[in-house]
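All residue numbers in this chain count up from 1 along the given sequence. Hydrogens, waters and symmetry mates play no part in the numbers below; they use all other heavy atoms, side chains included.
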Amino acid sequence: MFTAIADVLKSIGSAVATVVTLPFRALARLFGGASDSAHGHH
């Protein structure tokens, strides 16, 4: 029973980590693309 609870907690933790890191990845990609385009044009 305890192992089942641990597995559920692990899956929930991984899902939360994915949801939390997605916005930061998107922001990093946006800022990275903006800086790259700015350096490319100038």
Discussion item. For the OG1 atom of Thr3 and the NZ atom of Lys10, what is their distance to the nearest 0.5 Å?
Written reply: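 Here the interatomic distance stands at 9.5 Å.
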Item to complete: Check which hydrophobic residues are tied to Val8 through side-chain heavy-atom contacts below 4.5 Å, counting indirect links as well, and list them.
Response: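 Direct or chained contacts put Val8 with Ile12, Val16, Val20, Phe24.
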Fill in: Side-chain cluster (under 4.5 Å, hydrophobic types only) that Val19 belongs to, other residues
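Cluster partners of Val19: none, it stands alone.
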